[in-house]
Amino acid sequence: MRIPRIYTDSPLSEGSQAELDENAAQHVGRVLRMQPGQELKLFNGDGQDYPATITEAGKKRVAVLVGAPEANATESPLKITLGQTLSKGDRMDYAVQKAVEMGATCIVPLTTEHCEVKLKGDREDKRLRHWQSIAVSAAEQCGRARVPEILPVMTVKQWLEHSRNCDLRLVLHHRTEQSLESMAKPASIALMIGPEGGLTAAEIAQAEKEGFMPVALGPRVLRTETAPVAAMALCQWLWGDIGH
C-alpha cells in the first residue's frame, strides 16, 4: 500500500508529537480510515519529507509521532512564476493543479481585457483559498515537498511589475514564430497566459515593452488551461528536470 503524503502548516521535528489540521485529519481518519500504528509521510513546505506514525486516529482528530526528516529531490532547478488569466468553471482549477505538477513555484491569477471572470472581496478570498487547497492536494499527489503560493489577483500592469526579477519573461500567443529553443537557458521564468479570447494586441505590446518575449508553442491555438501545461512541460524539458 502506498504511504499517503499529507501536508501540514505546522512546524515538524524528529521525535515530536504533531496533530493534523482538521481537513487533513478528516481525510486520514474518515476517508482513508487509517489506524494507530500505520505510517504517513508529512511535509510542511520546508523542502523535506517527514515520515510519521499515527498514534491516535479518529474521524476528526489524528495525532502522529514525527520521524527523522528525509531529503526530497522533486523540486526543479528552474523557477517558474505562472501568470494565468482567470477562466470560467473548473478551467482555472485544472490550470492550478497541473501547474503544480509541472513544477511551478508561484501562481498569479490575472485579470485581462478579454477576461470574463470578475472577483472582488469575499468572493476573491474564497477562490484564492480554494485554489490554494488544490495546490496542496496536487503537491501531496505528485510528491513535491513545497507548495506553490497562490497570490492575489493582479492586473496586467501589476503582473508586469511583479515579474521583473525573473531571468526570462514569456508571453504566449500564436501570432509569432519565435520558439523556446532559440532562447538562452534561464534560472527563472515568468510565463504569461491569456484568456479564452486571447490577449489583446495592446496587452502583448505592453508586455513586450516591459521585456517579455513573445513565443508560440506550435501551429495550433491552445485553450487557456492547456497552454500553461504545454509551456511549462517544454520549459522543464529544455532547462529544468523533465527528461533529464
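The shown structure was predicted, so the numbers you read here are calculated from the model rather than taken from an experiment. Quick note: numbers below take in every heavy atom, side chains included, and nothing from hydrogens, waters or symmetry partners.
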- Got a sec, which pairs hit salt bridge (charged side-chain N to carboxylate O under 4.0 Å, His left out) with one end in residues 229-239, sequence neighbours left out?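 Matches after skipping sequence neighbours: none remain.
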
- Item | Pairs flagged by salt bridge (charged side-chain N to carboxylate O under 4.0 Å, His left out) wherever residues 93-104 is involved - sequence neighbours left out |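 Listed once each, the pairs are Asp93-Arg127, Lys98-Glu101.
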
For [X], check salt bridge (charged side-chain N to carboxylate O under 4.0 Å, His left out) against everything at least two apart and list the hits.
X: Arg30; answer: none
X: Glu75; answer: Arg144
X: Glu140; answer: none

- For Glu116, check side-chain contact (heavy atoms from CB on, under 4.5 Å) against everything at least two apart and list the hits.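 Glu116: side-chain contact (heavy atoms from CB on, under 4.5 Å) contacts with Lys88.
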
- Residue pair Thr224, Gln84: steps toward the side chain to side chain donor-acceptor pair (under 3.5 Å) verdict: CA-CA 8 Å; Thr224 184; Gln84 175 72 39; 3.1 Å; yes

- Item | Pairing residues for Arg146 by the side-chain hydrogen bond (donor to acceptor under 3.5 Å, both in side chains) criterion, not counting sequence neighbours |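 By the side-chain hydrogen bond (donor to acceptor under 3.5 Å, both in side chains) rule, Arg146 matches no residue at all.
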
- Any Val153 side-chain heavy atom under 4.5 Å of Leu110 side chain: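 Val153 does not reach Leu110 side chain to side chain.
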
- Could you pull out all residues at least two apart from Tyr94 that satisfy ring pair (Phe, Tyr, Trp, His ring centres under 6.0 Å)?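 Per chain and number, Tyr94 pairs via ring pair (Phe, Tyr, Trp, His ring centres under 6.0 Å) with no residue.
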
- Task: Please list, chain by chain and in numerical order, all residues satisfying ring pair (Phe, Tyr, Trp, His ring centres under 6.0 Å) with Tyr50, sequence neighbours excluded.
- Result: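 Not a single residue meets the ring pair (Phe, Tyr, Trp, His ring centres under 6.0 Å) criterion with Tyr50.
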
- Above 12 or not: heavy atoms from other molecules or residues under 6.0 Å from CD of Glu22?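 Check fails, neighbour count at 12 or below.
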
- Message: With no hydrogens and no angle check, just 3.5 Å: does a side-chain donor-acceptor pair link Gln97 and Ser137?
- Response: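 There is no such pair (donor and acceptor under 3.5 Å, judged by atom type) between the side chains of Gln97 and Ser137.
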
- Message: Show every side chain to side chain donor-acceptor pair (under 3.5 Å) that has at least one partner inside residues 103-114, sequence neighbours left out.
- Response: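 Qualifying pairs, neighbours excluded: none.
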
Side-chain donor/acceptor pairs under 3.5 Å, residues 62-73, sequence neighbours excluded:
{"residue": "Glu70", "atom": "OE1", "partner": "Lys41", "partner atom": "NZ", "Å": "3.4"}
{"residue": "Asn72", "atom": "OD1", "partner": "Thr74", "partner atom": "N", "Å": "2.9"}
{"residue": "Asn72", "atom": "OD1", "partner": "Thr74", "partner atom": "OG1", "Å": "2.4"}
{"residue": "Asn72", "atom": "ND2", "partner": "Asp49", "partner atom": "OD1", "Å": "3.4"}
{"residue": "Asn72", "atom": "ND2", "partner": "Asp49", "partner atom": "OD2", "Å": "2.9"}
{"residue": "Asn72", "atom": "ND2", "partner": "Gly143", "partner atom": "O", "Å": "3.0"}

Contacts table for residues 234-243: side-chain donor-acceptor under 3.5 angstrom, sequence neighbours left out:
{"residue": "Gln236", "atom": "OE1", "partner": "Ser76", "partner atom": "OG", "Å": "2.7"}
{"residue": "Gln236", "atom": "NE2", "partner": "Met102", "partner atom": "O", "Å": "2.9"}

